[in-house]
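Here is the structure we will look at, set down as structure tokens.
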Amino acid sequence: MILTDLQIEGFRRFASPVRLDGLGPGLNVLAAPNEAGKSTLLAALKAVLMVRSSSKAKPVKDLQPYGGGAPHVAVSFTWKGMDCHLEKQFISKAFTRLILGPERFEGDQAEEALRNLLGLEEASKGEAAGLWSALLVGQGESFAQPDLNQTGQDSLRTCLEHGVDHATGGAAASAVLSRVRDRLHLLQTAKSGQPTGKYKQALEQEAQAQACLQDLENRRAALEEDLAALDQARRALREQEGPERKAQDEAELLALRQLRDKLRVADAEEQAARAALATVTHTRNSICDEQERRQERRETQRKLEREAAEMQHDLQALTQRTAQARQRYEESRTQREQAEQQQQAARQALLAVSRRVTVLQQRAALDRSKQTLHRAEAACTRLEQARAVLAALLVDEGLIRRVRKAVREQDAAQAALNARATRLTVTLQPEAAGRVLLDGAACPQGEMVLTQAADVQVEGIGQFRITPAVKDHDEALAAADTARQQLQSVLHSAGCQSAEDAETLFEERRQAETRVAEARAAFVASLPTARDERDATLFEALATLRQDLSDQVAALEREQAAFEQDCQPEFAGAPGGRAAQTATETVRSPEAESGVQTEQTEATLQALQQRARQEEERAARVADEARQTERTEQAAYNAAQNLQDKAEAELRQKQTERDQVGRELAVSAARESDDALAARAAETAQAQAQAEAHVQALKAGRETEQPLSVVETRIMRREQALENTRTSIARLREEIKERETRVRVAEGGGLDEKIAEAGRTASRLKLDCEGYERERAALALLDQTLSDAEKTQTERYLAPLVRTLQPAFSTVFPGASLEMDTGFGLCGLTRRTAEEFGRLSDGTREQIAVLVRLGFAELLHARQSPAILVLDDALSFSDSQRLELMFDVLADAATRFQILVLTCRAEAFARLGGRPLSLRPIPQITERR
């Protein structure tokens, strides 16, 4: 089977018709960028081959383009030497048309014929499936091995059985296995093996009965527990409500409270004695601290007096050095000011010469601006003249198109009339000239076209009337007249007598337009400041040129006046002043004013400017040296002044500290003399000794007593115990009341009878579940036995499939051997060691999945069944070496059946070769009836 043409319309992104060009036998490659429609092409091919056109399912509606429409697909192919064609339209006005050589099918007959041809079976509503589902590999599907449904597996088995002599078991074994599984699936689910149906219902009922029985037994156990707890609670209540125990606890608590009050009084006396001792101790410590501070201040005062005398001597030397530094600084500043005055005079002289150079440069720029403006105005004049000539020519592009259209319509109408008219050929003897008349005039010789009735009169013979047998004669004449009138009307509006005159005027207009364009280009080139080529911008640029010229003239006049005013004789005595005076004379010379000898004037000014610049640079160097000397002397003076200021500040600080210490000593002595302070210190020492003795006496008297904290803790514990007893009595009374109520309710509910009935129900349901379990086990054993037999038989004819796949696998994976499961999937690959498929890399799994699909296509081709392979963006994770090997395998397989490769990696797949395909828009899909 070879696809030769594929056309789609109204399909997802292709709202307009497109065709896949270049399809042919062997390897076909469509290399296009992302979102070019490759996946849409594959979806269209799947839909036309495997989806009924009458389907209304959601996947079919998803095929519509944005805005809606009816997806339409047409595919042409060859099969067994026959030209075949398949065409489908979905959703709106759906139809199916299939042509197989001489046979034609429509509607459902076409769908059935197509499914029989491709070996497909109904998989879901409106969609078929089979081995072809594995051969049309969409984007992202190439990473996994093909997931074949039962139809696809049956197709493979049919291909494999074609090479096996016989098969045991056959359809009968499959039918028995199917019935066993149907019966088993009534008792357990197909995938997980969980109970279902009646078996699941019986298990749920048994679980409910067991739960009910357990609940009743729990209630009986709770009743027995309540009876025991009720008896224990009553005994505990009697013990805690005894009057002797209560009186004893209250007496012990009263004794403890009296002891606590006694200890609190003794503790207060001891705390008062300790407070008095602390006060006396604090007072004595304060007196000692004051004595020590007074001694330290006297020593500090003597030390500060010595340091102040030394600092006064150092300050006198610093003052003398600062005065000398100040004198040197004043001298350097005077020298610097003189040097700067000389530099300023030289700079003024240089400025005068430079300004003259500027005046000359402005003059030259003014001359250039005048020339530019002159060229622009001349170009503008030429442009306006060319435009005036163009405006006088009326035949433009639109008018000539109307004339040409009218001429074509007249020629077409006349040609149509002539084609339908009667042709008359006349050949007369010489002596017959003038004896034969046509419509009353001498009949000309040769061929004539008769569009209207004509009378031929032969002298001495008679008269003949020729009526042309022209169909729609009047309409053709009217059309020709109308075409002539339209042509005359268009020519009149153009002011022309004929179409040739109009063409001549149009050619003159084209030449005028060329001249306008040339003049405009010259005008644009003459305007260096034009931002774009719009007329308004161009004329604005011309006005800007005029204004700029006027501004330059005014600026030159201002600069000349300023130069005349600034270049005064006062610079003659300054450095460079002679150069400024010479420049002034040059400017005032008649030659400079009239523009004569401009080059010599500029050379003279350049030399003067150079000499003035050298004078200015020399004066600048002298001024820089003077400034540097000034900065050095200033830094020395500032350093000396800083040292003097720092010494004066330190001396003042020492004197202030000395005076502060003296004031503090005077204030302390005025507040309390040294003798009075010593006497008070002796008194506080004696009072401290007496307070310490009193505290020790109180402490010795309490050594045999219990600590107050222990007694208070014991009281709190006794009070808490009494409170707990009262709370426990209330709780026991409430508990006894609650349990008595539950016991009365339980004893009157017939609990034992309910337990017996629930036990009988649970036993009966358990027997039902055991019966279902035995039946399920028997069916599962039978299913396993039949499956093993079917697996053994399937493994017998997997060998041809492995032999088909092995050459391609050996090319990509040298030395590898395959292992396939009964679901026709590759479960293992042996390369020195066995490797599971799931543990391989993504790229290797993708390559294997593509090779397995190639093997399926090989089987179909060997059985002479329709087979092609379509890969959409496959082999994305293959390295360059593996990709080259896969190219070799695909190219070899393409020699036996057709392969379509859709890829966005044009550079990587350029080495694959094959037929290059392309997508081309077409006016409409070519329908075959």
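Everything numeric in this text was worked out from a predicted model, so none of it was measured.
Applying the salt bridge (charged side-chain N to carboxylate O under 4.0 Å, His left out) rule to pairs touching residues 20-37 yields Asp21-Arg920, sequence neighbours excluded. Annotation: side-chain hydrogen bond (donor to acceptor under 3.5 Å, both in side chains) contacts involving residues 403-412, sequence neighbours excluded, comprise Arg404-Glu503.
Between Leu900 and Leu23, the shortest heavy-atom contact is CD2-CD2, 3.9 Å. Among all heavy-atom pairs drawn from Val48 and Leu86, the shortest one is O-CD2, 3.3 Å. Residues Trp79 and Met1 approach most closely at CE3-N, 3.8 Å, considering heavy atoms.
Donor-acceptor pairing under 3.5 Å is recorded for the side chains of Asp873 and Gln139. With no hydrogens or angles considered, no side-chain donor-acceptor pair links Gln7 and His72 at under 3.5 Å.
Under the 4.5 Å side-chain criterion, counting only non-hydrogen atoms from C-beta, Cys84 is not in contact with Ile99.
Phe887 pairs by the ring pair (Phe, Tyr, Trp, His ring centres under 6.0 Å) definition with Phe909, not counting sequence neighbours. Partners of Phe464 according to the ring pair (Phe, Tyr, Trp, His ring centres under 6.0 Å) rule, which considers only residues two or more places apart in sequence or in another chain, do not exist here. Partners of Asp62 under the side chain to side chain donor-acceptor pair (under 3.5 Å) rule, at least two apart in sequence or in another chain, are Lys58. Under the side chain to side chain donor-acceptor pair (under 3.5 Å) criterion, Gln924 pairs with no residue at all, not counting sequence neighbours.
The pair Glu507-Arg510 counts as a salt bridge, with a side-chain nitrogen and a carboxylate oxygen less than 4.0 angstrom apart. Between Lys38 and Asp872, no side-chain nitrogen of the basic residue sits less than 4.0 Å from a carboxylate oxygen of the acidic one, so the salt-bridge criterion is not met.
Rounded to the nearest 0.5 angstrom, Lys88 NZ and Phe90 CZ are separated by 5.5 Å. Distance check, rounded to the nearest 0.5 Å: OG of Ser76 to CD1 of Ile2 gives 13.0 Å.
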